[in-house]
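Sequence lines set the chain letters: A, B, ... in the order given, protein chains first and strands last, and positions in each chain run from 1.
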Amino acid sequence: MDAAPTPLSLDQLRGNLAAFVTNPYPIYSELREQSPTFMEFVPAGVVPGLDEPLAAWGFMRHADVYAALRDHETFTSARNPLVEKGFFPQLVLIMDDPPRHTRFRRLVNKAFTLRRVESLEPWIARIANELLDDIGSGETDIVQTYTTPLPVKVITRLLGIPGEDYVTFKRWSDTFISSLISISLEERMQNTMEMVEYFGKMAAARRAQGAEDLITALVEAEIDGESLQDWEILGFCILLLIAGNETTTNLVGNALSILVERPDLWRRMREDRSLVEPVIEETLRYESPVQQLLRMTTREVTVSGITIPANELVAIFFGAANRDPKEFPNPDEFRLDRDLRNPVSFGVGIHYCLGAPLARAEAKITLNAFLDRFPRLEYGAAPGVRQSQSPVVYGFEKLPLRLHTGGR
Amino acid sequence: MRLVIDYRKCLKSGQCSYLHAELITADPDGTPRVIAERLGEDLRAAAEDAVDLCPSGAISLTEE
Ligand code: HEM
Ligand code: SF4
């Protein structure tokens with residue numbers, strides 16, 4: 001076998017990680033032609049304690065991303081060096097392969113079906129409107145006052161966590177999500193122990209007496225005599241925090257910022273609410289909340305003419321695939337007349353996002369509530385700030401908006 | 001009893017052919033295909049589950 005090639009470092013392209021994270025699109029279009037690209041996936045020093053850079057084959061073309069996601073036997077989700085080195089917890093479901101993945105997915109599917117989500121829409125709308133009542137009108141950092149609390153409140157309510165525990169839950173959630181970047185191993189352990197204890201007690205209580213909530217549904221879920229163990233329920237709750245909150249926050253924030261910049265479209269949407277759905281789907285493509293996730297090759301495989309050995313990391317760039325000009329003509333334009341079936345924003349294949357119907361419902365309810373209340377949206381005095389730490393997600397850290405209730 | 005896929009709604013998630021391979025396969029490009037023209041009563045529960053799990057509401061069950 002040839003000696004391992006030297007991975008392309010992001011510094012060579014763009015100066016630094018923050019510049020890449022806040023606007024990865026120019027780099028994607030530079031690299032797409034030569035994709036798969038052997039590149040630094042995690043630069044040295046970004047993860048505390050990880051001194052060597054991690055390299056991965058970056059997949060940037062839509063066709064390659066699509067094919068890899070459908071071939072879970074060649075591209076496994078169950079092996080991840082960040083987990084093996086102890087930097088990240090082994091998550092249930094999303095870091096699993098069949099047959100374990102299949103059993104688990106069947107058991108949790110029931111709680112997140114489109115039909116179930118549709119029946120939740122009235123109370124999701126109530127939560128949205130309560131948040132907007134508190135904001136009133138005028139200038140507000142929408143990330144702080146709306147897009148962050150919305151999904152956390154929805155998921156706590158779904159799980160059946162009492163309202164007074166919301167603040168604790170939010171802290172766990174934040175610690176877990178930022179864990180890779182800025183939190184020490186000790187803090188993360190402490191956090192995990194608190195969560196284990198909390199969810200353990202909750203699951204036990206629901207086994208004793210059921211309630212109308214997701215934890216009860218998980219405790220009671222059974223297929224062919226199989227049900228979930230307590231640790232699996234806990235693991236699933238942790239997964240929901242990681243997979244469901246910041247992603248939805250970013251989708252809603254990205255959609256609002258796109259619409260602030262298009263006042264004509266906002267006016268048209270106020271007249272014609274059938275535009276809400278295509279606006280959300282095109283936002284998912286144009287500014288994908290999940291930009292990249294990892295796989296590992298289980299065997300040698302040739303992709304776009306490049307041979308990748310077995311046991312190599314692969315970074316699947318959802319964000320780059322969604323801007324591939326071969327699949328989406330003029331990919332850097334936000335357009336409502338595209339074929340909305342082709343973006344890979346929620347993944348493809350066995351790991352297709354379990355929360356897609358819920359995320360779409362939260363986005364739809366949000367846009368409709370904003371359209372009902374605000375004839376006009378404007379940026380606030382300070383500019384929006386994109387998060388610049390994690391290349392995995394794309395969204396705003398701060399997004400000050402001026403909300404106009406009256407007039408035109 | 002028949003399973004019907006509405007291809008205007010299908011987002012090619014791949015979930016139906018993954019979880020109900022006895023009812024639905026997928027083309028190489030990911031497009032799902034119903035295997036059997038008609039389904040017997042023994043497959044009703046599976047067919048209803050397939051309808052339920054589709055994230056885009058593209059699958060339906062007709063009685064004819
Ligand atoms: C806009 C919001 C969201 C986006 C863009 C998104 C994106 C994704 C993507 C790309 C995957 C595939 C992962 C892979 O292939 O490795 C995924 C999986 C997953 N998502 Fe989401 N997600 C969102 C919201 C949610 C929500 C609200 C929930 C739950 C409440 C959720 C729960 C999950 C779970 C559990 C998985 C793993 C499914 C499996 O492995 O079978 N997501 N998501
Ligand atoms: S589950 Fe629904 S969206 Fe996914 S491939 Fe099947 S029909 Fe299409």
Side-chain angles (χ1 to χ4, degrees), chain A residues 62-63 65-73 93 96-99 101-119 221 223-224 277-278 280-281 284-285 322 327 338-361, chain B:
Chain A
H62 184 275
V65 164
Y66 199 87
L69 290 172
R70 281 172 46 85
D71 183 1
H72 59 268
E73 287 176 8
L93 192 70
D96 228 333
D97 284 338
H101 176 273
T102 321
R103 163 187 170 269
F104 207 110
R105 179 88 194 207
R106 280 185 202 282
L107 285 165
V108 295
N109 252 350
K110 296 278 179 204
F112 287 91
T113 59
L114 184 64
R115 203 153 37 126
R116 175 116 204 283
V117 167
E118 280 169 357
S119 75
I223 292 176
D224 302 334
E277 215 178 291
I280 292 168
E281 298 304 314
L284 282 160
R285 180 197 73 83
N322 280 342
E327 190 66 32
R338 296 183 188 278
D339 186 340
L340 299 173
R341 291 170 295 185
N342 296 332
V344 290
S345 326
F346 286 116
V348 172
I350 75 168
H351 294 286
Y352 182 86
C353 180
L354 177 71
L358 184 62
R360 288 188 164 113
Chain B
M1 194 167 49
R2 277 195 314 142
L3 270 181
V4 181
I5 296 174
D6 179 344
Y7 290 104
R8 286 162 311 174
K9 286 191 183 169
C10 168
L11 301 171
K12 299 200 284 185
S13 73
Q15 284 289 310
C16 55
S17 51
Y18 172 44
L19 296 173
H20 285 292
E22 77 281 28
L23 301 173
I24 296 167
T25 60
D27 289 352
D29 79 345
T31 307
R33 304 282 175 205
V34 174
I35 295 170
E37 180 91 13
R38 292 257 184 282
L39 299 177
E41 264 319 299
D42 53 324
L43 286 171
R44 178 176 293 274
E48 284 173 351
D49 190 57
V51 170
D52 219 32
L53 67 77
C54 172
S56 50
I59 308 180
S60 56
L61 195 57
T62 62
E63 292 303 329
E64 32 160 314

With chain A, which of B/C54, B/P55, B/G57 has the greatest number of heavy-atom pairs at distances under 4.5 Å?
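If we count pairs closer than 4.5 Å to chain A, B/P55 comes out on top.
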Is chain B contacted by the side chain of A/N342, its backbone, both, or neither, given a heavy-atom distance below 4.5 Å?
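A/N342 touches chain B through side-chain heavy atoms alone.
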Examine whether an atom of A/L340 lies under 4.5 Å from a heavy atom of chain B, and if so say whether it belongs to the side chain, the backbone or both; otherwise answer neither.
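Contact with chain B is through the backbone of A/L340 alone.
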Under the side chain to side chain donor-acceptor pair (under 3.5 Å) rule, collect the residues that match up with B/D49, sequence neighbours excluded.
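Testing B/D49 for side chain to side chain donor-acceptor pair (under 3.5 Å), a comparison that skips the adjacent residues, returns A/K110, B/H20.
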Worked verdict on B/R44 versus B/E41 for salt bridge (Lys or Arg N to Asp or Glu O under 4.0 Å):
CA-CA 5 Å; B/R44 178 176 293 274; B/E41 264 319 299; 2.9 Å; yes
Where do A/R338 and A/E281 land on the side chain to side chain contact (heavy atoms under 4.5 Å, CB included) test, with the steps shown first?
CA-CA 10 Å; A/R338 296 183 188 278; A/E281 298 304 314; over 6 Å; no
With chain B, which of [options] has the greatest number of heavy-atom pairs at distances under 4.5 Å?
options                        : answer
A/H101, A/H351, A/R116, A/R360 : A/H101
A/Y352, A/F346, A/F112         : A/Y352
A/V117, A/V344, A/T102, A/L69  : A/T102

In terms of side-chain heavy atoms, does B/S60 have a donor or acceptor partner in B/D6 at a distance below 3.5 Å?
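No - no donor-acceptor pair under 3.5 Å links their side chains.
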Do A/H72 and B/Y18 meet the criterion of a side-chain donor-acceptor pair at a distance under 3.5 Å?
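The answer is no; no qualifying pair exists.
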Would you mind checking which part of B/S56 comes under 4.5 Å of any heavy atom in chain A, side chain (CB onward), backbone (N, CA, C, O), both or neither?
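For B/S56, backbone heavy atoms alone lie under 4.5 Å from chain A.
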Would you indicate whether the side-chain heavy atoms of A/I350 and A/P98 approach each other to under 4.5 Å?
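A side-chain contact exists here, since the closest heavy-atom pair is under 4.5 Å.
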